[in-house]
Amino acid sequence: MLNYLKKLFKKIGPGFITGAADDDPSGVATYSQTGAIFGFSQLWLVFFSFPFMVVIQQMCGRIGMVTGKGLAGVIRIHYSKPVLYFAVSLLVIANTINIGADLGAMATSAQMLIGLPYLFWLFLMTGFIVILEVFITYKTYSKILKYLALTLFAYVLTAFIVKLDWGIIVKNTVFPQIQFSGDYLLNVVAILGTTISPYLFFWQASQEVEEEIVDGKISDMGVGKPRVPQQNVTNMHWDTIVGMLFSQAIMFFIIITTAATLNANGITKIETASQAAEALRPLAGNLAYLLFAAGIIGTGLLAVPILAGSSAYAVAETIGLKEGLSKKFGQTPGFYGVIAASTLIGMLISWLRIDPIKALYYAAALNGLAAPPLMALVILTANNKKIMGKFVNKRIA
């Protein structure tokens with residue numbers, strides 16, 4: 001059994017890690033708020049958003065694998081540069097705001113669990129994440145991300161600690177309980193913006209290229225076009241499906257946990273993931289509280305490096321800097337400089353205690369502006385036979 005799990009773990013790739021990173025602390029806050037305010041009535045969104053996530057991430061992964069370039073690098077060569085500059089600028093700003101919100105949630109959770117001042121945890125976690133990305137080799141770093149993804153199971157365990165009515169849960173999941181109110185529709189937009197985020201597009205495409213460098217298929221990012229067997233693309237597609245399914249499963253369990261506890265007891269004002277954890281304690285017990293809060297720290301350690309990394313890939317490819325987590329700091333100072341700057345500015349946002357809900361609102365708005373043109377360019381690229389060759393989009397893919 002242990003050997004089987006080891007083999008399965010080795011097969012986990014960028015698609016799975018990307019899916020797990022989608023459930024960052026700000027996402028956890030959004031899903032907690034959904035369960036607290038609307039109960040089980042928005043569970044149908046789990047199945048609604050899943051196919052969109054799979055299709056767009058599969059295309060991004062395939063673009064990276066086939067071209068040997070990241071998403072911004074491909075767009076810069078083949079499409080409108082002003083559109084790319086606009087989208088990447090919004091991406092970097094939104095990612096930095098998100099990093100700040102996530103670091104704040106992590107520091108607050110650590111303070112709740114262990115004690116010690118908020119600023120101590122904020123500085124410690126920021127420093128740890130910067131060191132992790134800048135000074136750890138890509139091979140080791142990718143393994144660390146895989147293990148951090150497993151911390152999301154904390155939310156599955158939390159769900160089974162509380163008392164659940166599975167009949168109502170299944171009914172609301174299968175039969176949408178749609179309300180035509182401003183708050184309900186705004187929350188639908190918030191969930192879709194949280195689950196289908198532009199930073200995931202850039203991250204997965206670039207990580208597929210990083211994997212090819214590690215495997216010796218190409219020597220560097222954007223240098224040469226790798227030979228890609230059909231089996232590799234098939235494996236990437238399945239890896240992505242599993243990753244997006246995992247992401248949506250975690251969303252599902254967070255919503256049902258908070259709906260069955262917070263909403264059922266009239267607690268509807270939840271502004272952060274840490275508040276959700278604290279509110280669970282008197283309703284579901286210490287174990288549920290501990291798991292929920294620990295999950296926030298684990299997901300933050302996974303997501304913050306990916307948010308900063310996706311910004312670095314996008315900026316480097318847009319302005320022609322050397323890039324890659326498989327390289328040392330001295331080889332790509334600009335790339336790692338973007339990572340460090342994004343994380344440190346995010347820390348400053350948390351240090352100043354800027355309202356996390358307002359910050360995430362503006363980040364979601366920026367993502368909402370950046371996503372449509374990026375998705376259009378991803379689809380155009382994946383449909384372009386000159387770029388994709390035999391791996392161009394099929395009618396059913």
Side-chain angles (χ1 to χ4, degrees), residues 19-20 22-54 105 109 112 150-195 242 244-296 298-299:
D22 197 27
D23 296 313
D24 68 325
S26 60
V28 173
T30 302
Y31 306 146
S32 299
Q33 191 176 47
T34 299
I37 297 173
F38 300 103
F40 301 113
S41 67
Q42 291 195 357
L43 281 174
W44 60 274
L45 282 167
V46 171
F47 291 104
F48 179 81
S49 57
F50 173 69
F52 292 100
M53 294 175 69
V54 169
S109 296
M112 283 167 25
L150 299 179
T151 61
L152 286 164
F153 280 108
Y155 296 114
V156 180
L157 295 174
T158 305
F160 285 100
I161 291 170
V162 303
K163 187 178 180 181
L164 299 170
D165 186 332
W166 286 100
I168 293 175
I169 291 169
V170 171
K171 180 183 176 183
N172 281 271
T173 304
V174 177
F175 302 103
Q177 305 294 311
I178 299 174
Q179 302 168 23
F180 293 97
S181 69
D183 289 343
Y184 186 93
L185 296 175
L186 184 63
N187 200 72
V188 170
V189 173
I191 286 182
L192 293 176
T194 301
T195 54
V242 172
M244 300 308 124
L245 184 63
F246 182 60
S247 170
Q248 293 306 89
I250 300 303
M251 168 182 161
F252 176 83
F253 281 109
I254 292 171
I255 292 175
I256 65 173
T257 298
T258 51
T261 52
L262 307 185
N263 179 268
N265 287 275
I267 300 172
T268 57
K269 188 172 176 58
I270 295 294
E271 294 184 345
T272 66
S274 304
Q275 281 184 10
E278 188 66 58
L280 278 174
R281 185 181 236 169
L283 303 173
N286 282 333
L287 182 56
Y289 157 76
L290 290 169
L291 286 171
F292 205 94
I296 293 167
T299 58

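Basis for what follows: all heavy atoms, side chains included, without hydrogens, waters or symmetry-related copies.
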Any side-chain heavy-atom pair of M251 and D22 under 4.5 Å: no
About how many Å separate CD1 of I267 and OG1 of T261, when rounded to the nearest 0.5 Å? 7.5 Å
Which atoms form the tightest heavy-atom contact between P25 and A105, and what is the distance? CB-CB, 3.8 Å
Relative to each other, are the rings of F52 and F48 parallel, tilted or perpendicular (30° and 60° limits)? tilted
Name all pairs fulfilling the side chain to side chain donor-acceptor pair (under 3.5 Å) condition that reach into residues 278-293, sequence neighbours left out, sorted by first residue then second. R281-N286
Audit row: F50, L245, side-chain contact (heavy atoms from CB on, under 4.5 Å) steps and yes/no: CA-CA 7 Å; F50 173 69; L245 184 63; 3.8 Å; yes
With no hydrogens and no angle check, just 3.5 Å: does a side-chain donor-acceptor pair link S49 and Q248? yes
Assess the residue pair Y31 and I250 against the criterion (side-chain contact (heavy atoms from CB on, under 4.5 Å)); give the C-alpha distance rounded to whole Å, side-chain angles, the decisive distance to 0.1 Å, and a yes or no. CA-CA 9 Å; Y31 306 146; I250 300 303; over 6 Å; no
Looking only at heavy atoms, the pair that brings T299 and I296 closest together is OG1-O, 3.0 Å
Please tell me if the side chains of V28 and I254 come closer than 4.5 Å, counting only heavy atoms from C-beta onward. yes
Rounded to the nearest 0.5 Å, how far does CG of L157 lie from OG1 of T257? 10.0 Å
Show, in sequence, the C-alpha distance, side-chain angles and deciding distance for I178 and W44, and conclude whether the side-chain contact (heavy atoms from CB on, under 4.5 Å) test is met. CA-CA 9 Å; I178 299 174; W44 60 274; 4.0 Å; yes
For M112 and A277, the nearest pair of non-hydrogen atoms, with its separation, is CE-CB, 4.1 Å
Does Q179 reach the main-chain N or O of Q177 with its side chain, forming a donor-acceptor pair under 3.5 Å? no
How many angstroms lie between atom OG1 of T30 and atom CG of D23, to the nearest 0.5 angstrom? 10.5 Å
Side chains of T34 and N187: is there a donor and an acceptor less than 3.5 Å apart? yes
Nearest heavy-atom contact between L262 and L280 is CD2-N, 4.2 Å
Is the shortest heavy-atom distance from the side chain of W166 to the side chain of I256 under 4.5 Å? yes
Would you check if there is a donor-acceptor pair between the side chains of D183 and S181 at a distance under 3.5 Å? no
Before giving the answer on side-chain contact (heavy atoms from CB on, under 4.5 Å), spell out for D165 and F40 the whole-Å C-alpha distance, their side-chain angles and the decisive distance to 0.1 Å. CA-CA 10 Å; D165 186 332; F40 301 113; 5.9 Å; no
Assign the ring pair F292 / Y155 to parallel, tilted or perpendicular, where the plane angle (0 to 90°) is split at 30° and 60°. perpendicular
Just how far is it from atom CD1 of I255 to atom CG of L43, taken to the nearest 0.5 Å? 5.5 Å
So which atom in I168 and which in N172 form the shortest heavy-atom distance, rounded to 0.1 Å? O-ND2, 2.8 Å
If you take all heavy atoms of A36 and T268, which pair is closest and at what distance? O-CG2, 3.3 Å
When the ring planes of F246 and F153 are compared, do they come out parallel, tilted or perpendicular, using 30° and 60° as the limits? tilted
